Amino acid sequence: MPFLDDTGVRTEVERGPLWSAFTTFASQLERMVLLNLVWALQLMPLIIAMAFYQLPSVVRIALVIYTLAALPPATAALYGVVALVIDDEHISPYIVRDQLSRLWLAGYKNLAPLYGMVGFIVWVAYQAQTTLLSAVLQLVLLLVLVCANYWGPLTAATPERQPLTLLAESIRLMWRYPLQALLISGAVALSLALGTISVGGLFLAVPVIIALLQTYMWNYVSRTRLRA
(Lines give C-alpha, C1' and ligand atoms only; values in the text may rest on other atoms or scores of the structure.)
Protein backbone atom coordinates (compact mmCIF):
# COMPACT_ATOMS: atom_id res chain seq x y z
CA MET A 1 0.00 0.00 0.00
CA PRO A 2 1.51 3.37 -0.97
CA PHE A 3 2.50 5.63 1.87
CA LEU A 4 -0.30 8.06 2.75
CA ASP A 5 -2.81 5.91 0.88
CA ASP A 6 -5.59 5.12 3.32
CA THR A 7 -9.14 3.96 3.47
CA GLY A 8 -10.66 7.07 5.00
CA VAL A 9 -12.67 7.41 8.17
CA ARG A 10 -15.01 4.46 8.54
CA THR A 11 -17.91 5.98 10.39
CA GLU A 12 -19.99 2.87 9.78
CA VAL A 13 -17.85 0.85 12.21
CA GLU A 14 -18.16 3.27 15.12
CA ARG A 15 -19.11 1.38 18.26
CA GLY A 16 -18.52 3.90 21.02
CA PRO A 17 -15.72 6.34 21.84
CA LEU A 18 -12.97 3.82 22.57
CA TRP A 19 -13.47 1.59 19.56
CA SER A 20 -14.04 4.60 17.30
CA ALA A 21 -10.73 6.16 18.35
CA PHE A 22 -8.70 3.14 17.30
CA THR A 23 -10.62 2.52 14.07
CA THR A 24 -10.17 6.18 13.10
CA PHE A 25 -6.45 5.97 13.84
CA ALA A 26 -6.17 2.85 11.69
CA SER A 27 -8.18 4.37 8.85
CA GLN A 28 -5.55 7.10 8.30
CA LEU A 29 -2.61 5.24 9.77
CA GLU A 30 0.25 6.86 7.85
CA ARG A 31 -1.13 10.37 8.20
CA MET A 32 -1.79 9.81 11.90
CA VAL A 33 1.79 8.66 12.44
CA LEU A 34 3.14 11.71 10.61
CA LEU A 35 0.91 14.01 12.65
CA ASN A 36 2.11 12.32 15.82
CA LEU A 37 5.75 12.70 14.76
CA VAL A 38 5.32 16.41 14.10
CA TRP A 39 3.87 16.91 17.57
CA ALA A 40 6.43 14.68 19.28
CA LEU A 41 9.34 16.49 17.63
CA GLN A 42 8.45 19.52 19.75
CA LEU A 43 9.52 17.40 22.75
CA MET A 44 12.94 16.57 21.33
CA PRO A 45 14.71 19.74 22.55
CA LEU A 46 13.52 19.04 26.11
CA ILE A 47 14.63 15.41 25.87
CA ILE A 48 18.05 16.49 24.57
CA ALA A 49 18.39 19.06 27.35
CA MET A 50 17.59 16.44 29.99
CA ALA A 51 19.73 13.71 28.47
CA PHE A 52 22.90 15.65 27.72
CA TYR A 53 24.02 17.34 30.91
CA GLN A 54 27.39 18.22 29.36
CA LEU A 55 25.78 20.78 27.08
CA PRO A 56 26.35 24.43 28.05
CA SER A 57 23.70 25.75 30.41
CA VAL A 58 22.65 28.42 27.92
CA VAL A 59 22.00 25.79 25.26
CA ARG A 60 20.02 23.57 27.61
CA ILE A 61 17.91 26.49 28.81
CA ALA A 62 17.19 27.51 25.21
CA LEU A 63 16.13 23.95 24.36
CA VAL A 64 13.76 23.81 27.34
CA ILE A 65 12.29 27.21 26.49
CA TYR A 66 11.64 26.07 22.92
CA THR A 67 9.67 23.03 24.06
CA LEU A 68 7.68 25.02 26.61
CA ALA A 69 6.85 27.60 23.94
CA ALA A 70 6.05 25.10 21.17
CA LEU A 71 3.93 22.54 23.01
CA PRO A 72 0.80 24.63 23.82
CA PRO A 73 0.06 25.71 20.22
CA ALA A 74 1.14 22.33 18.85
CA THR A 75 -1.18 20.53 21.25
CA ALA A 76 -4.11 22.83 20.47
CA ALA A 77 -3.55 22.29 16.74
CA LEU A 78 -3.36 18.52 17.30
CA TYR A 79 -6.81 18.54 18.89
CA GLY A 80 -8.14 20.75 16.12
CA VAL A 81 -6.91 18.35 13.43
CA VAL A 82 -8.29 15.35 15.32
CA ALA A 83 -11.71 17.01 15.58
CA LEU A 84 -11.76 17.45 11.81
CA VAL A 85 -10.64 13.87 11.23
CA ILE A 86 -13.57 12.66 13.33
CA ASP A 87 -15.81 14.68 10.98
CA ASP A 88 -14.44 12.68 8.01
CA GLU A 89 -11.64 15.03 6.95
CA HIS A 90 -8.33 13.69 5.68
CA ILE A 91 -5.18 14.99 7.34
CA SER A 92 -3.13 17.26 5.09
CA PRO A 93 -0.45 19.91 5.59
CA TYR A 94 -3.05 22.57 4.81
CA ILE A 95 -5.38 21.37 7.55
CA VAL A 96 -2.54 21.26 10.07
CA ARG A 97 -1.48 24.77 9.07
CA ASP A 98 -5.03 26.11 9.29
CA GLN A 99 -5.62 24.59 12.71
CA LEU A 100 -2.32 25.93 14.00
CA SER A 101 -3.26 29.38 12.72
CA ARG A 102 -6.71 29.13 14.31
CA LEU A 103 -5.70 27.67 17.67
CA TRP A 104 -2.16 28.79 18.53
CA LEU A 105 -3.40 31.65 20.71
CA ALA A 106 -5.90 29.38 22.48
CA GLY A 107 -3.03 27.00 23.20
CA TYR A 108 -1.18 29.73 25.05
CA LYS A 109 -4.29 31.24 26.61
CA ASN A 110 -6.00 28.06 27.79
CA LEU A 111 -3.81 24.97 27.65
CA ALA A 112 -0.59 26.54 28.95
CA PRO A 113 -2.15 27.85 32.21
CA LEU A 114 -4.10 24.63 32.81
CA TYR A 115 -1.11 22.39 32.21
CA GLY A 116 0.95 24.77 34.31
CA MET A 117 -1.56 24.23 37.13
CA VAL A 118 -0.92 20.48 36.91
CA GLY A 119 2.81 21.08 37.12
CA PHE A 120 2.35 23.37 40.11
CA ILE A 121 0.25 20.78 41.98
CA VAL A 122 2.89 18.12 41.27
CA TRP A 123 5.63 20.44 42.58
CA VAL A 124 3.69 21.34 45.75
CA ALA A 125 2.88 17.67 46.40
CA TYR A 126 6.57 16.81 46.03
CA GLN A 127 7.47 19.57 48.52
CA ALA A 128 4.77 18.60 51.05
CA GLN A 129 6.15 18.03 54.53
CA THR A 130 3.32 15.88 55.90
CA THR A 131 1.79 12.63 54.68
CA LEU A 132 -1.74 14.02 55.02
CA LEU A 133 -0.99 17.08 52.89
CA SER A 134 0.77 14.94 50.30
CA ALA A 135 -2.22 12.56 50.13
CA VAL A 136 -4.68 15.44 49.73
CA LEU A 137 -2.60 17.00 46.98
CA GLN A 138 -2.31 13.66 45.18
CA LEU A 139 -6.09 13.31 45.31
CA VAL A 140 -6.48 16.83 43.92
CA LEU A 141 -3.97 15.98 41.19
CA LEU A 142 -5.91 12.83 40.29
CA LEU A 143 -9.16 14.79 39.99
CA VAL A 144 -7.49 17.47 37.90
CA LEU A 145 -6.02 14.86 35.55
CA VAL A 146 -9.45 13.25 35.10
CA CYS A 147 -10.92 16.68 34.42
CA ALA A 148 -8.07 17.41 31.97
CA ASN A 149 -9.44 14.87 29.50
CA TYR A 150 -11.80 17.54 28.18
CA TRP A 151 -9.39 20.49 27.97
CA GLY A 152 -8.05 19.70 24.51
CA PRO A 153 -11.42 18.99 22.83
CA LEU A 154 -13.04 22.04 24.45
CA THR A 155 -10.17 24.26 23.33
CA ALA A 156 -10.45 23.01 19.75
CA ALA A 157 -14.23 23.43 19.70
CA THR A 158 -14.42 26.84 21.38
CA PRO A 159 -11.00 28.54 21.36
CA GLU A 160 -12.56 31.81 22.54
CA ARG A 161 -13.23 30.34 26.00
CA GLN A 162 -11.27 31.66 28.94
CA PRO A 163 -9.24 29.11 30.94
CA LEU A 164 -11.43 29.34 34.04
CA THR A 165 -14.57 28.83 31.93
CA LEU A 166 -12.98 25.84 30.25
CA LEU A 167 -11.97 24.43 33.63
CA ALA A 168 -15.48 24.90 35.01
CA GLU A 169 -17.04 23.17 31.99
CA SER A 170 -14.62 20.27 32.35
CA ILE A 171 -15.55 19.90 36.01
CA ARG A 172 -19.25 19.91 35.13
CA LEU A 173 -18.76 17.18 32.54
CA MET A 174 -16.73 15.10 34.98
CA TRP A 175 -19.39 15.56 37.68
CA ARG A 176 -22.35 14.75 35.42
CA TYR A 177 -20.71 11.79 33.69
CA PRO A 178 -18.34 10.22 36.23
CA LEU A 179 -18.32 6.73 34.67
CA GLN A 180 -17.35 8.14 31.28
CA ALA A 181 -14.67 10.28 32.93
CA LEU A 182 -13.20 7.24 34.69
CA LEU A 183 -13.41 5.14 31.52
CA ILE A 184 -11.55 7.64 29.37
CA SER A 185 -9.01 8.23 32.13
CA GLY A 186 -8.30 4.50 32.28
CA ALA A 187 -7.95 4.30 28.51
CA VAL A 188 -5.58 7.28 28.46
CA ALA A 189 -3.51 5.86 31.33
CA LEU A 190 -3.27 2.50 29.56
CA SER A 191 -2.20 4.19 26.32
CA LEU A 192 0.48 6.14 28.18
CA ALA A 193 1.73 3.00 29.91
CA LEU A 194 1.91 1.02 26.67
CA GLY A 195 3.56 3.94 24.90
CA THR A 196 6.17 4.24 27.65
CA ILE A 197 7.23 0.61 27.55
CA SER A 198 7.06 0.24 23.77
CA VAL A 199 9.78 1.42 21.41
CA GLY A 200 8.81 4.70 19.80
CA GLY A 201 5.23 4.65 21.11
CA LEU A 202 5.35 8.30 22.14
CA PHE A 203 6.68 9.35 18.74
CA LEU A 204 4.49 7.15 16.57
CA ALA A 205 1.02 6.94 18.07
CA VAL A 206 0.28 7.71 21.71
CA PRO A 207 -0.46 11.49 21.67
CA VAL A 208 -2.78 11.20 18.65
CA ILE A 209 -4.56 8.17 20.11
CA ILE A 210 -5.10 10.04 23.39
CA ALA A 211 -6.46 13.06 21.50
CA LEU A 212 -8.83 10.77 19.58
CA LEU A 213 -10.00 9.03 22.75
CA GLN A 214 -10.66 12.31 24.55
CA THR A 215 -12.35 13.97 21.58
CA TYR A 216 -14.63 11.01 20.91
CA MET A 217 -15.59 10.88 24.59
CA TRP A 218 -16.25 14.63 24.66
CA ASN A 219 -18.46 14.26 21.58
CA TYR A 220 -20.28 11.38 23.26
CA VAL A 221 -21.03 13.22 26.52
CA SER A 222 -21.96 16.36 24.59
CA ARG A 223 -24.53 14.46 22.54
CA THR A 224 -25.80 12.74 25.69
CA ARG A 225 -26.26 16.09 27.40
CA LEU A 226 -28.17 17.50 24.40
CA ARG A 227 -30.53 14.51 24.40
CA ALA A 228 -31.17 14.79 28.13
Side-chain angles (χ1 to χ4, degrees), residues 1 3-40 74-92 94-96 98-99 102-103 106 111 145-159 166 169-170 172-196 198 200-228:
M1 182 175 66
F3 195 66
L4 295 184
D5 182 20
D6 53 62
T7 57
V9 180
R10 299 177 180 176
T11 55
E12 73 275 8
V13 299
E14 291 186 2
R15 297 189 180 96
L18 302 188
W19 180 258
S20 297
F22 289 101
T23 56
T24 300
F25 183 86
S27 70
Q28 295 197 56
L29 181 60
E30 294 88 354
R31 288 179 170 88
M32 292 289 186
V33 170
L34 282 177
L35 178 64
N36 201 94
L37 280 171
V38 170
W39 182 90
T75 302
L78 173 65
Y79 280 95
V81 172
V82 162
L84 292 177
V85 169
I86 289 175
D87 287 335
D88 296 342
E89 292 284 348
H90 286 271
I91 299 173
S92 70
Y94 306 105
I95 284 179
V96 175
D98 290 345
Q99 292 305 302
R102 184 176 75 92
L103 295 170
L111 295 184
L145 290 175
V146 173
C147 171
N149 284 306
Y150 297 116
W151 294 351
L154 282 169
T155 296
T158 53
L166 189 149
E169 177 66 12
S170 300
R172 278 195 294 269
L173 290 173
M174 182 181 66
W175 178 259
R176 291 190 62 179
Y177 307 100
L179 293 180
Q180 288 83 352
L182 292 176
L183 178 62
I184 196 62
S185 296
V188 168
L190 180 60
S191 299
L192 284 172
L194 293 176
T196 301
S198 64
L202 178 66
F203 285 87
L204 297 178
V206 172
V208 167
I209 288 176
I210 289 175
L212 283 166
L213 287 166
Q214 293 173 336
T215 303
Y216 266 115
M217 183 59 78
W218 176 74
N219 285 345
Y220 175 80
V221 298
S222 297
R223 291 195 301 267
T224 301
R225 183 170 56 175
L226 287 175
R227 290 195 298 264

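Nothing here was measured: the structure is a model prediction, and the numbers come from that model.
Sorted by first and then second residue, the side chain to side chain donor-acceptor pair (under 3.5 Å) pairs with a member in residues 202-211 form an empty list; sequence neighbours excluded.
In this structure, Thr155 has no side chain to side chain donor-acceptor pair (under 3.5 Å) partners at least two apart in sequence or on a different chain. Not counting sequence neighbours, the partners of Trp151 by the ring pair (Phe, Tyr, Trp, His ring centres under 6.0 Å) test are Tyr115. Remark: Arg102 engages no residue in a salt bridge (charged side-chain N to carboxylate O under 4.0 Å, His left out) (not counting sequence neighbours). For Tyr79, the side chain to side chain donor-acceptor pair (under 3.5 Å) test picks out Gln214, with sequence neighbours left out. In terms of the side chain to side chain donor-acceptor pair (under 3.5 Å) criterion, Ser92 has no residue partners (sequence neighbours excluded).
With contacts defined as side-chain heavy-atom distances shorter than 4.5 Å, the pair Phe203/Val33 does not qualify. Residues Phe25 and Val208 form a side-chain contact, since some pair of their non-hydrogen atoms from C-beta on lies under 4.5 Å apart. Side-chain contact check for Val85 versus Met32: some heavy-atom pair is nearer than 4.5 Å. The shortest distance between side-chain heavy atoms of Val221 and Met217 falls below 4.5 Å.
We find the CG-CG distance between Asp87 and Asn219 to be 7.5 Å, quoted to the nearest 0.5 Å. Between Gln28 atom CD and Leu34 atom CG the span is 11.0 Å, to the nearest 0.5 Å. Atom CG of Leu212 is separated from atom CG of Leu18 by 11.5 Å, given to the nearest 0.5 angstrom. Atoms OG1 and CG, from Thr215 and Leu154 in turn, are 9.5 Å apart once rounded to the nearest 0.5 Å.
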What side-chain donor-acceptor pairs closer than 3.5 Å can you find for residues 179-193, not counting sequence neighbours?
from	atom 1	to	atom 2	distance (Å)
Ser185	OG	Asn149	ND2	2.9
Ser185	OG	Ala181	O	2.7
Ser191	OG	Ala187	O	2.9

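When atom types are taken as modelled, the side chain of Thr24 and the backbone of Ala21 share no donor-acceptor pair closer than 3.5 angstrom.
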side-chain contact (heavy atoms from CB on, under 4.5 Å) assessment of Val96 paired with Val38:
CA-CA 10 Å; Val96 175; Val38 170; 5.6 Å; no

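Nearest heavy-atom pair, Ala156 versus Pro159, reported as atom, atom and distance to 0.1 Å: O-CD, 3.9 Å.
Results of the side chain to side chain contact (heavy atoms under 4.5 Å, CB included) test with Val81 over Ile86, Leu103, Ile91, Asp98 single out Ile91 as the only residue that passes.
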